[in-house]
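The next block holds one structure in the form of C-alpha cells; read it before the comments.
The basis for the numbers below is simple: all heavy atoms, side chains too, and nothing from hydrogens, waters or symmetry mates. Letters A, B, ... mirror the listed sequences (proteins, then strands); counts begin at 1.
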Amino acid sequence: MENGFAYRLPDGKVLTFDHAPTGAEIAAAIGPGLAKAALAIKVEGQIRDLARTMDTREAAIEIVTRKSADALDIIRHDAAHVMAEAVQELFPGTQVTIGPAIENGFYYDFARDTPFTLDDLPKIEAKMHEIVKRNAPLEREVWDRADAIKYFRDKGEKYKAEIIEDLPGTETITVYRQGEWLDLCRGPHAPSTGSVGDAFKLMKVAGAYWRGDSKNQMLTRIYGTAWRDKKELEAHLTMLEEAEKRDHRKLGREMDLFHLQEEAAGSVFWHPNGWTMYRALETYLRKRLETDGYVEVKTPQLFEKSLFEASGHWQMYGHGMFKVEVGHGHDHEHVQTFGIKPMNCPAHVQIYNHGMKSYRDLPLRMAEFGSCHRNEPSGALHGIMRVRQFTQDDGHIFCMPEQVVEESKRFCALLQRVYADFGFSDVKVKLALRPDVRAGTDEIWDRAETELRDAARQAGLEPEDLPGEGAFYGPKLEYHLTDAIGRTWQCGTLQLDFVLPERLDAEFVAADNSRKRPVMLHRAIFGSVERFIGVLIEHYAGRLPLWLSPTQVVVATITQDADGYAEQVAATLAAKGLRVITDTRNEKINYKVREHMVAKRPILLVVGKREAQERAVAMRRLGSESQTVLPLDQAIADLVAEAAPPQ
RNA sequence: GCCGAAAUAGCUCAGCGGUAGAGCAACUGAUUCGUAAUCAGUAGGUCCCCGGUUCAAAUCCGGGUUUCGGCACCA
C-alpha cells in the first residue's frame, strides 16, 4: 500500500484507509455497535486512546471494549481520575499525586493536612457518580515540559510538578482533561468519564508515603474497587466476605487453637488444640527431612554478642534483635551483652565447625526447628502470620561448590513434595538477584545466580527474576504457594551464602588435602511454622485434614442408653492412636451435631440404641449433609487409614 | 516506625455525661430426644491503662498500650 494505511484485526481481516485514522474511526469502520462500545484501541499490543491518530501506516490492532481483558485496567484508572476530581471538588486545597489501577481496583494518593476518614468516603463516592453521569470527554493533550511544571506549580500542585521534573527528558508530557478538571497522566483512558459505570465502591483509607519512601511525607490514600458491572462488583464483595470467614485470627479463636495478648505482643500462646496441630505438622516434616538425609540439631537461644559480630548480623540487623545485658561480679559491674538469636545459621556453623570436616562428610544437611526472635516493627504484626517469636523449619546444607546445583534441585523436589501434601500444587518461584550493596565478586554472583536458576528449572520450576532483591550474602529462591482461594503466600526459601562460611571460618579438607570453604545453603519449607499454620487455617477454611485436626473424632450419643457403648467406641479409637472425644451430654442430637460442625471437628460418630445393638456407628463428616451407618470395625479401619499423615 | 480507626461479660455487639445492657457461651434444674440451636432459672464487668475536666465520665479532653486497615520493613 503505497500511500495507504492498513490495519490488521485479530481475525486477520485488514482494514485500509486513505488517511491516518484515529482509533475511533477504525472502530467505526468495523461497525457502529463496536464504535459505541469501544473504550480504547490496542496497537501492536499497546493500549491507546481512541482519539489518537494512528502514527504507523500498518499495524496489528484490536478494539478494546468493556468485555476485553484489558478493560478493567482502563475502567479502574479512569475511576482513579474521577475520584481525584471528586476529592478536589469537595475538598479544595487537596493536592493530587498518583492514582494507578491495581489488582481489583484503584487508589489515589492525596496530600492534605487532615487525612481523610471513612466518613468522607460516601460523600466522595456520591460525587464520583455525579461526575460519571456528566460523562465529560477525557481528552489527551501534549504539553510543553516547562509550561506543565509552571502550571502545576502555580496551582499549588507541588507533587505533580515534582513528578514532571523527574520524568526523563525524552518523555512526552501529557495531560488528560475531563470537563473542568485535568490531571497529569500518561494514559491511556476511555473516551469519557461515563465509561467508569456504576460498579465501583470506595473501600478504605490509609496512609502511604510519598514515593513509597518512609523518609518522605505521609499522604492520605483512598482505595476503591471497580468492575465492569454490578454483578462483578457483588461477586468481588462476596469473595472478600469469604476471605474474612477464613481469617486465621477468627478461626483460631473459634477452634480454640491459640491466642495473643498485650503483655506478649507478637508471641503466640498455643492452646492444647493448636499445639496438637503444631506437633502433628512438626512430626510430619521431621519424617520428610529424615527421609531426605537431614540430621536434626537444637541450638541455644541466647548468644554473647561476639558471635553475631563475627557473623555480621549485629552490624546488619542489630536494630531488630532483642538484646539482653547481664551484670556479673559483686555489684554486677561487669556487663555482658547477649542477643536472642534472630536466625539459626551462626549456631549451625558452630556445630559444623566442631570437629574437622572432610569432603566425604559433604553435603551435610543440618535441620532445626529453631525458635527465633525478631523485634518486628509494631505495625508489621499480624495475627500469627507476622510475629516476634517464631519457629523456622530451618536447615543449612554445607556442601562443596560443585554440589550446589544437585542440592538445590533436591531441595526444590522436597519442597514441592511437601507442598503437594497440603494440596498446594501451584508453586511460583522467584529468583532474587544481586543487590547494590553486596559481598563477593561479580564472578561469584554470576555463577551463584545461574546455578540457582538451573536447579529450579531442572526441578520443573521457572523462576521469575527479582533484580536487586537478593540478600547481601547471596541470591535466593523464594517459593510462593497458591491457596484454595487463589491468594499467594511466600513460605519457602533457598539462599546461597558464600559469606558466612568465610566470616565464621568454616572449612573442610578436600580430596587433595587442602583446606577449602564449604558453600552454605540456607533453606526453609514452611518458613515460619506459625505463619504456615496461619496459611493452612485460611487455605482449609478451618476444615483441616484428619491428620492435622486437633480433635479427629467425636462420639456423640443420642440418649444415655448409649453412653457405655460410646465410651467403648472412643476407647477403641484412642487405642488406635486417634484423637477422640465423647459427647454424652444430655442434649438433643441436633444441638450436638451443630456444635461439633461449627467447631470444625471432622468426624462425628453418632451412636444410639440401634448402633449399640448392632455394634455400628452413624458417621457424619464435616461439610456433609448426610451420614452413613457402618459396622464399628470398618469405621475404625477406615478412620485409622485416613488419619495417617501423608507418607 | 508512620497515617487512620478501634478497645464494654468468655464470644459478637448495643449504650456515647446521670443506677452498665442484649444474644450466644458458662453454671443449676427440668427434659432422654435419631443428625446444624429444648425450656426455665442463676451467675458473670478495674467499660484497655494513667491522668485531667465535671456535682457526676464507659461516655468529653490529654498521654500511653494493644488490636485492626494500609504504608514502610521482613536477615
Side-chain angles (χ1 to χ4, degrees), chain A residues 107 109 112 114-120 203-223 247 249-250 253-254 256 259-266 308 311-321 341-346 372 374-383 385-388 390 392 469-474 476 490 493 495 497 499-500 522 527-528 531 556-563 584-599 604-611 618-620 622-629:
Chain A
Y107 69 77
D109 285 348
R112 186 167 184 254
T114 331
F116 293 108
T117 69
L118 240 34
D119 299 334
D120 297 321
M203 306 296 284
K204 50 195 172 196
V205 291
Y209 296 108
W210 166 235
R211 300 203 150 158
D213 188 333
S214 59
K215 289 195 274 293
N216 289 342
Q217 192 196 327
M218 171 97 15
L219 306 171
T220 171
R221 173 177 296 182
I222 302 178
Y223 281 98
D247 192 312
R249 292 166 298 193
K250 182 174 179 285
R253 190 169 48 239
E254 287 172 3
D256 196 16
H259 86 267
L260 296 146
Q261 70 185 48
E262 276 193 28
E263 294 87 342
F308 295 119
S311 69
H313 289 96
W314 197 266
Q315 300 85 314
M316 277 299 271
Y317 304 108
H319 57 91
M321 283 174 64
K341 70 175 172 187
M343 82 319 290
N344 307 293
C345 25
C372 298
R374 293 178 187 176
N375 191 13
E376 301 288 358
S378 55
L381 301 180
H382 178 88
M385 298 284 201
R386 187 86 182 267
V387 286
R388 292 200 173 118
F390 59 99
Q392 286 182 321
E469 302 269 310
F472 77 94
Y473 51 74
K476 59 183 178 188
Q490 195 217 313
T493 181
Q495 313 186 1
D497 188 346
V499 171
L500 205 58
H522 306 248
S528 139
R531 177 177 148 87
T557 50
I558 289 173
T559 66
Q560 278 171 356
D561 298 339
D563 283 4
T584 54
R585 290 175 304 170
N586 176 13
E587 294 290 350
K588 284 186 162 183
I589 194 63
N590 284 306
Y591 182 88
K592 295 185 183 180
V593 167
R594 180 185 148 79
E595 189 171 277
H596 297 300
M597 296 296 109
V598 166
L604 182 62
L605 299 181
V606 173
V607 294
K609 267 185 226 161
R610 287 207 298 269
E611 286 78 10
M619 189 189 293
R620 178 179 179 126
L622 177 58
S624 163
E625 300 280 305
S626 61
Q627 52 278 334
T628 330
V629 177

Distance between C1' atoms of B:rU8 and B:rC13 (Å, rounded): 9 Å
Is there a donor and acceptor pair closer than 3.5 Å between the side chain of A:Arg211 and the base of B:rA72? no
A:Trp314 vs A:Phe308 aromatic rings, parallel, tilted or perpendicular, using cut-offs 30° and 60°? parallel
For atom P, what is the distance between B:rG44 and B:rG10, given to the nearest Å? 12 Å
Less than 3.5 Å apart, which donor and acceptor atoms pair up between the side chains of residues 374-382 of chain A and the rest of the protein, not counting sequence neighbours?
unit_1, atom_1, unit_2, atom_2, d
A:Arg374, NE, A:Pro342, O, 2.8
A:Arg374, NH2, A:Pro342, O, 3.0
A:Asn375, OD1, A:Arg388, NE, 3.1
A:Glu376, OE1, A:Arg386, NH2, 2.9

Return the nucleotide paired to B:rA40: Watson-Crick means purine N1 to pyrimidine N3 with N6-O4 or O6-N4, wobble means G-U with N1-O2 and O6-N3, both under 3.5 Å. B:rU28
Between A:Arg221 and B:rG69, does any side-chain N or O lie under 4.0 Å from OP1 or OP2? no
Pair partner, B:rC2 [Watson-Crick or wobble, under 3.5 Å]: B:rG70
Whole angstroms only, please: what is the NZ-P distance between A:Lys341 and B:rA75? 18 Å
Given B:rU32, B:rG69, B:rA72, which nucleotide is nearest the side-chain atoms of A:Ala206? B:rG69
Return the nearest nucleotide to the side chain of A:Ser214; candidates are B:rA72, B:rC68, B:rU38. B:rA72
NE2 of A:His313 versus P of B:rA75: gap in Å, rounded? 10 Å
Please identify each residue that fulfils ring pair (Phe, Tyr, Trp, His ring centres under 6.0 Å) with A:Phe116, with sequence neighbours left out. A:Phe91, A:Phe110
Distance, C1' atom - from B:rA5 to B:rA9, rounded to whole angstrom: 24 Å
Distances for protein N/O vs nucleotides 4-8 of chain B N/O pairs under 3.5 angstrom?
none

Does the B:rC74 base have a donor-acceptor partner in the side chain of A:Arg388 within less than 3.5 Å? no
With hydrogens left out and only the distance checked, is there a donor-acceptor pair under 3.5 Å joining A:Tyr209's side chain and the base of B:rG70? no
Would you say A:Lys592 places a side-chain N or O within less than 4.0 Å of OP1 or OP2 belonging to B:rG34? no
Given B:rA37, B:rU35, B:rA75, which nucleotide is nearest the side-chain atoms of A:Val606? B:rU35
Has the side chain of A:Gln627 got a donor or acceptor that lies under 3.5 Å from a partner of the other kind on the base of B:rG34? no
So, is A:His382 close to the B:rG69 phosphate, meaning a side-chain N or O under 4.0 Å from OP1 or OP2? yes
I'd like the P distance from B:rC11 over to B:rC49, given in whole Å. 15 Å
